[in-house]
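Working notes, structure below.
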Amino acid sequence: MSSEPEFVFELRVCQWAERNWPPGGDRDPDTAVLVARQLGTKYRRWDTIVVEADRTALRERAAFGAEGLNSDLLGVVRHAPADWAWYRDALPEPDYPWQYVREAVHDAADRDLIEKRRGERGRIELRRHQPYPEWVERIVAIENKPDLDRSAARDLAPQLERDVALGLADEVWVATARAGGTVEPALLEDVPVEAGILTVDPTANAPAGEAAVDVAWNPRTLAPDEPGTRITDRPTGSARDASAARFEYAEPGWKADKRREIAERAYGRGWRAYADTMRPDCRHFQLRTETGDALPWCDEKACHQTAGECAGSCPDFAPEPPTWRQRDWPIDGGPGKAIKRLLDAQRRRRRPGL
């Protein structure tokens, strides 16, 4: 069992995946890996997302900036023509009013993603700077359960079954903490056979202080290019529940759009965005690097704190003194701002071309 909070375990898995994916194999030199956390759709959110990308196309993606593109911007950028055209002729018919598309065109032009002008009769025309690259090759979802016992495996199984049925990701994994890299065979019976299992030992003496990760069960490759099944309701399995499962089909086009949106959010956020919801401006907040990467550390509590604990409501919260924020000229802020700049620089290094 793991003695660390699930939040810290999740960061360790992200750190390991960024450097060592895929597990048990060599990475193709033409493939780059982006890792993010807490992403998904309105139906499902995964703890860790691994995006395998074509390295050349990923470099071309950098021309569209460091921020992720939402669904509205993706629709404009992907379909912007090479030559000037009225936006209603250039873009596909939306399933919502055209005024929202027009707003997205203005937003895309403000971010210099496309060019925009007023054409004949005041019509809004657009053209692209360059084609949007299809840079995503595979998407892998990992559910982090450091304290995975028989009860937790039974509770997790329905979620994994929904992931497998939908087939939005290419692979689905479960990462659990087990000393010595072993997992109880009984747990394999509760986890769907299509899901892989990673065993993580944070205490092992792995290279660069990383957690040691082993494959306990290899996953089955899913079919994101084919129609999927979204399970909306299912019977409990009890003797008193004889109702039928409810589901709806997910078309390949919908899945392809969602995969792009997830990958774009992963591109913009990465897994180091945790500092945005914590208080690095507290004098007790530190980043410890002896584990091979910068993980948050509370010097007052002498532990890796969780995102929920590290807030302004913490009784030990102590704001940085104003003098800490005025040591350099021009004033760049104190150590808290420096921590965010460090994490952002680490994230940008994983995005070729930025």
Mind checking whether V101 and L91 have side chains closer than 4.5 Å, heavy atoms only?
-> yes

Heavy-atom nearest pair, A157 first then P192, reads O-CG, 4.0 Å

* Asked: Do you reckon F9 sits in the same ILVMFWY cluster as L295, going by side-chain contacts under 4.5 Å, direct or chained?
  -> yes

dist D344:CG -> I339:CD1 (nearest 0.5 Å) comes out at 13.5 Å

4.5 Å side-chain heavy-atom contact, Q305 and V8: no

Between D170 and E137 the two heavy atoms that sit nearest each other are OD1-O, 4.4 Å

- Query: Taking NZ, NE, NH1 and NH2 as the nitrogens, is one of them in R37 or D47 under 4.0 Å from a carboxylate oxygen of the other?
  - Reply: no

### Query
Are V50 and L58 in one and the same hydrophobic cluster, where Ile, Leu, Val, Met, Phe, Trp and Tyr link if side-chain heavy atoms are under 4.5 Å apart?
no

- Message: Is a donor from one side chain sitting under 3.5 angstrom from an acceptor on the other, for D54 and T31?
- Response: no

Quiz item: Between the side chains of Y132 and W135, does any donor sit under 3.5 Å from an acceptor?
Solution: yes

ask   = Can you list the steps and then say if K337 with D281 is a side-chain contact (heavy atoms from CB on, under 4.5 Å)?
value = CA-CA 7 Å; K337 292 290 186 180; D281 58 334; over 6 Å; no

Are any non-hydrogen side-chain atoms of P280 and K340 less than 4.5 angstrom apart? yes

Check step by step if salt bridge (charged side-chain N to carboxylate O under 4.0 Å, His left out) holds for E248 and R230.
CA-CA 5 Å; E248 55 189 22; R230 185 185 302 112; 2.4 Å; yes

Sequence neighbours excluded, the answer for side chain to side chain contact (heavy atoms under 4.5 Å, CB included) partners of E93 is W98

Inset, instruction - Establish, yes or no, whether the cationic atom of R27 lies under 6.0 Å from the six-membered ring centre of W21 and within 45° of the ring axis. - result: no

query: Can R272 and E18 be said to form a salt bridge (charged side-chain N to carboxylate O under 4.0 Å, His left out), step by step?
result: CA-CA 11 Å; R272 296 175 177 86; E18 188 174 69; 2.7 Å; yes

Original post:
Any Lys/Arg nitrogen of E300 or R283 sitting under 4.0 Å from an Asp/Glu carboxylate oxygen of the other?
Top reply: no

Same hydrophobic cluster for L166 and I262, using side-chain heavy-atom links shorter than 4.5 Å among ILVMFWY?
yes

| message | Determine whether a donor-acceptor pair (N or O, by modelled atom type, separation under 3.5 Å) exists between the side chain of R269 and the backbone of A36. | response | no

Between E309 and C314 the two heavy atoms that sit nearest each other are O-CB, 3.5 Å

dist L354:CG -> R347:CZ (nearest 0.5 Å) comes out at 10.0 Å

Here the gap from W297 atom CH2 to C310 atom SG, rounded to the nearest 0.5 Å, amounts to 13.5 Å

Subject >> Sub-4.5 Å side-chain heavy-atom contact between E264 and E67 >> reply: no

Rounding to 0.5 Å, atoms CG (D201) and CG (D214) come to a distance of 8.5 Å

Sequence neighbours excluded, the answer for side chain to side chain contact (heavy atoms under 4.5 Å, CB included) partners of E103 is Y100

Salt bridge (Lys or Arg N to Asp or Glu O under 4.0 Å) filter on E120, not counting sequence neighbours, yields none

Residues T199 and A216: closest non-hydrogen pair is CG2-CB, 3.9 Å

**Test side chain to side chain donor-acceptor pair (under 3.5 Å) applied to E171 and W173, step by step** = CA-CA 7 Å; E171 291 178 358; W173 292 78; 2.9 Å; yes

In short, T306 meets M278 closest at the heavy-atom pair O-CE, 3.7 Å

Taking every heavy atom of Q130 against every heavy atom of A63, the minimum-distance pair comes out as NE2-CB, 3.5 Å

### Query
Cut-off 3.5 Å, side chains only: do W271 and Q15 have a donor facing an acceptor?
no

Is there a path of hydrophobic side-chain contacts, each under 4.5 Å between heavy atoms, that joins L343 and I49? no

Q: Find out if a path of hydrophobic residues (ILVMFWY) with successive side-chain heavy-atom gaps under 4.5 Å connects W46 to V33.
A: no

d(I139 CD1, K255 NZ) to nearest 0.5 Å is 11.5 Å

Side chains of R102 and Y87: do they bring a donor and an acceptor to under 3.5 Å? yes

Rounded to the nearest 0.5 angstrom, the CD1-CG distance for I197 and L148 is 7.0 Å

If you define the side chain from C-beta out and look only at heavy atoms, does anything of T176 sit under 4.5 Å from L198? no

- Query: What's the verdict on salt bridge (charged side-chain N to carboxylate O under 4.0 Å, His left out) for R128 and E115, showing C-alpha distance, side-chain angles and the deciding distance?
  - Reply: CA-CA 6 Å; R128 68 188 182 212; E115 294 183 83; over 6 Å; no

Yes or no on salt bridge (charged side-chain N to carboxylate O under 4.0 Å, His left out) for R260 and E134, after CA distance, side-chain angles and deciding distance?
CA-CA 9 Å; R260 287 191 196 94; E134 295 296 339; 3.1 Å; yes

